Amino acid sequence: MDSNDEFCNNNCKVVIPETSFSIKVTNFKNPYCIRIYETKNYIKKSSLITTKLVKYMKKENLNSKNNDEPNLGDLVIVHGKVSQNVDLPAWFCRGIIGHFNPTTMKYNVLLIDHGISVTLLKDDFISLQHDIISDKYLTSVIGIYNIIPTIIKKKESTNEFIQFVTNKWTNKAIKFIKELIIGSSIIYFDSLVCDEYGKYYGELYLVINNEIICLSKTLTENGYATYLKGDLLKLIKEPNSKFKKESENNITTYYIRKVNDSNLHKNKDYMVNLNKCHSRESNAEYKERFHEKCSNTTIENRTRKVLVYSNILCKTLNFVTDAQFPAKIHKAWDSLVQSSKPKKMQSYIWPAIKQKLDVVAIGTKDSGKTFGYTFAITGLLAAQDSLPEGNKPSVLILCASSSEAFSVHSLFLEFLQSYDNINTILAFTGKSYRSLAAEIYNGCQILVSTPRFLAKFMRTYKDLLNFDSLCHLILDSADVILDKYYASIVELFGKHKIIKNRENQNDELFPLQIIFAARYFTTPIRTLVQKVMYNPYICITSFLEAVIFKSVQPKMYLINSKFKLQKILDVLDNENKLKTMIICTTIDEAEELNAFLLKHKQILLAHEKKHLFEIQAIKEVWEISIPGHYPIIISTDEVLSDLNITDVDWLIHYSVSLHVQTKFNFRFSTLMNNLQKKTTKCKVTIFVNENDNIQFLSIINMMKRMGVVLSDDVLLNIERISMSLDKCKKEYPICDKVKSLGFCPNKSSCVFRHCILPDIDTPMTEIETGDKVKFIITYIHNASHFSARVVEYVKASTLEKIEFSKNEYIMLTSKIQNFYGNIDNRRRSVNVNVGDIYGLEDSIESFKRVQVLQIKDGKSSHFESMEIADVRCIDTGNILNDIKVQKLLWLPEELSKLPAHIVEIFLVGIAPCDDEYEWNNCANEIAYDWFVKNLNQYSYIIGEVSLHLSNIIWANTLEIGTKMIGRSDIVGLNLKTELINKHYAAVNKDHMQNIYTLCKKGGLIKNNKCDLE
């Protein structure tokens, strides 16, 4: 019997051979090139290699400087001091040199023991002789045995499906296999043969939802491959044989066979019961269409559709080079972004900006709005032969905060680094008017500022700036600007005539182009667009914002979960004229709803336990449904991207208890086809019950922005639900914005806690309100937030001085180092939870205790998702962002519970100027310089306590104390006064009162014997 016959028998149950072993796929190119490692003892082997590399580095005392240029295939050691953009799986890794990019001066290095590639500069690795570390590489490349790629085509003349051999794997086949690998819980490899180069070929067995899938068998059944045997071997040995040969698009194909419907996708588990299809077509006709679709498509990634509203058609760009700006601007892009493909937003707005259209760009935080307009505007400026000189800016960018202005200014400098004739000036809160005026006099082509600061500056220097030559006006974060600084915008546009009466849009000398970039589409943006923009090009990449733009007003029901089933039936009534989708958060919920509604309605049920072909069939039924007899789709969030349905008329959110906001937003992608119509008749219904608190505040904010009038009952429930939700965040720290400002401007989307919990926030020391505390600053977070070690404090009631032991603090650090000095103790923690304490290797053989502040989904180029965490070093106070959770080490309870001597200090009663919520870089530098300039061996920091909770101290003052021999210490030089006098801070009278109110709402009336009443 042929060795492959067992794979071709569809009646046989797939069994994993005893000779196979469990593997992890780290990289996949095609079925002939799959990089894997064996999971058995992998962690132990990897740790052993890392230990040997550490010993080797210590022994040789090597650094990262190499004089010789590395060659292709050289073995190197990649060390942990590489750029923060590169996340190494271990402190030291063996690497093999690959491709060198002369433009970026970076090497592609394969981390051979981990199966991933990283892009590094020469200084990020050092050479390693091949015989120093003799351990076998932990990853290798394998291939699937005895199959070759095929494609299936449909002959128009006969409507027959024909399978052909082709000389390369199709993109659909590769994408299909990737999806299978991603969905696998376990993968096994059975090695069958080895070639002359030592590469193994065999079979992959993938376990998906407790089902075993043989990869070669699945590929052949789906028409992507065929087994290499029999007549096909004869064809390869005798290429001029009777087999039919065709050439198309430079791909040579050989005819193999006709494909019957019953032979294609004949694994019964991938088929659907088509008897339930409500269609005028016969099942046979539908089945033919279904097979035709499946033979030519694979699983598509989540479709990022875009809503564009414009009277002028603009093409979209596929590559950055298609923008065709000056070469030096493109070179700057390559250096900054290192991507040849633009983001979706950028591919739409670049052609519109080049055509000098007024543009509104609405998208999420990472949609590429700011990089998009800076690249385009600098490209337009650089292409001009000359620009107005002196005090006549060509570009004005208004930002929502000084911090954002710094970032935008930096981007313009980067893009224009090769153009000395284009000056970019930054105007921000804290900068002296005189120095700004001097810079403008010396030449200002681009001015970056905040609305309030520019308005105040122009009151003093009203004739300094001349905007007659202004060609580009940009409002970055226009939603925030028009909410917080509307009066300043009115003043700039009206009194200072930044936008003059330019009704003649044919003015070719200085036509004014207006660009709004924002995260949210708001009513003020709509109003201003109508007033100041001529023929606007509106591009929206956020599905939720597209719904708001089209003025869709949802209806919300607050209802007990016991009555939801009957209520949704009442809401649906006899409605079958609208294409309706109901979205649930869990499979159980979807199946319960399906069982209930199936008695009354035509239902299609889609969730993640169904096979992909079942999902595809559901979509097919949806597409061929007859108006007036539409079935209702019940779906979970996990399969929405697989369904890829965009023509829903009525979207019903059956539940909204989603931990990830983006999943809720993606639901609105189902409405995109209707949103693109001139007149939209979409309906949105939201059910909220007692279990849906997680997204409740976000939904309320969304409905307010949609102009929905909320009932008194809903308004009464908002604060109650908000408090209830916050009380569930016991493991999260209090939000830094609450601690520093007294409130959080982003409360509805902030993951941290906004309430005081007496049991959780018990003070870590006996320090009370009114006490004076002596600190040693260990970390400066910003101008009003510091970490410090308490040295001593003086009680306000008795003037008793209480000292903290320095030796205890030193011994604490030693205990941590001694514990991890034993390499056997460096074990990864199995579970990582917010609020728990772990160990972390900070540098070689140096370890810290860290507390997890939050856990986030990271971006990974590999198949598995990557979790990253923000952590606080509890013995120094500094915050480390985006740490891979795999790097967190188990710490025994006796060490994790050792007392911490580090407290957080917040300076009371100040805030950034101009109602900003972030301290800008200059304010932070002022605070840093104040400490450096005034602290020495004879001085110390002393503060008067306003409140003490947990490890947090709110200090009314931070002053410099100077020791005097034989006399009382001198105390003076107040940091708060310094910041206010230099106009980097404003008085915040409500700061502590807001925090006291939170204490009382949380039931905390007494704090360390202090009555908060």
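On a predicted model such as this, the values are computed, not experimentally measured, just so you know.
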Among Asn981, Asn956, Val987, Leu958, side chain to side chain contact (heavy atoms under 4.5 Å, CB included) partner for Lys976: Asn956
Ring center gap for Phe453 and Tyr433 short of 6.0 angstrom: yes
Check: Gly368 main-chain N/O paired with Gln346 side-chain donor or acceptor under 3.5 Å: yes
Residues in side chain to side chain contact (heavy atoms under 4.5 Å, CB included) contact with Lys982, at least two apart in sequence or another chain: Ile926, Glu978, Tyr984
Salt bridge Lys456-Asp914, side-chain N to carboxylate O under 4.0 Å: yes
Salt bridge (Lys or Arg N to Asp or Glu O under 4.0 Å) involving Arg519 - partner list, sequence neighbours excluded: none
Residue list, salt bridge (Lys or Arg N to Asp or Glu O under 4.0 Å) with Asp915, at least two apart or on another chain: Arg452
Aromatic ring proximity Tyr461/Tyr441, centre distance under 6.0 Å: no
Sequence-distant partners of Lys704, salt bridge (Lys or Arg N to Asp or Glu O under 4.0 Å), two or more places apart: none
Side-chain heavy-atom pair Leu675, Phe543 within 4.5 angstrom cut-off: no
By side-chain hydrogen bond (donor to acceptor under 3.5 Å, both in side chains) - contacts of Thr522 (at least two apart): none
Residue pairs fulfilling salt bridge (charged side-chain N to carboxylate O under 4.0 Å, His left out) with at least one residue in residues 528-549, sequence neighbours excluded: Glu545-Arg705
Thr364 backbone acceptor or donor facing Ser367 side chain under 3.5 Å: yes
With sequence neighbours excluded, residues passing side-chain hydrogen bond (donor to acceptor under 3.5 Å, both in side chains) with Glu918: Lys737
Side-chain (Asn974) to main-chain (Glu959) donor-acceptor, under 3.5 angstrom: no
Donor-acceptor contact below 3.5 Å, side chain Asn311 vs main chain Asn535: no
Ion pair check, Asp736 and Lys739, cut-off under 4.0 Å: yes
Reference residue Lys677; test side-chain hydrogen bond (donor to acceptor under 3.5 Å, both in side chains); the match among Asn673, Thr680, Asn674: Asn674
Heavy-atom side-chain proximity of Val320 to Ser340 below 4.5 angstrom: no
Aromatic Phe319 / basic Lys341 pairing, under 6.0 angstrom, 45° off normal: yes
Donor-acceptor under 3.5 Å (Glu404 side chain, Cys399 main chain): no
Under 3.5 Å: donor-acceptor pair, side chain of Gln513, backbone of Leu357: yes
Output field: ring centroids Phe752/His754 closer than 6.0 Å: no
Phe786 and Phe906 aromatic centres sub-6.0 Å: no
Where at least one partner belongs to residues 410-438, residue pairs that pass salt bridge (charged side-chain N to carboxylate O under 4.0 Å, His left out), sequence neighbours excluded: Lys431-Glu439
Check: Phe549 ring centre within less than 6.0 Å of Tyr309 ring centre: yes
Check: Asp483 side chain, Asp479 main-chain N or O, donor-acceptor pair, under 3.5 Å: no
Partners meeting salt bridge (Lys or Arg N to Asp or Glu O under 4.0 Å) with Glu491 (sequence neighbours left out): Arg459
Flag, side chain of Asn988 to backbone of Leu741, donor-acceptor distance under 3.5 Å: yes
Pairing residues for Leu313 by the side chain to side chain contact (heavy atoms under 4.5 Å, CB included) criterion, not counting sequence neighbours: none
Where at least one partner belongs to residues 377-422, residue pairs that pass ring-ring contact (aromatic ring centres under 6.0 Å, His included), sequence neighbours excluded: Phe375-Phe415, Phe406-Phe428
Derivation and outcome, salt bridge (Lys or Arg N to Asp or Glu O under 4.0 Å), residues Lys856 and Asp882: CA-CA 8 Å; Lys856 305 174 288 188; Asp882 298 340; 2.8 Å; yes
Pairing residues for Gln324 by the side chain to side chain contact (heavy atoms under 4.5 Å, CB included) criterion, not counting sequence neighbours: Lys354
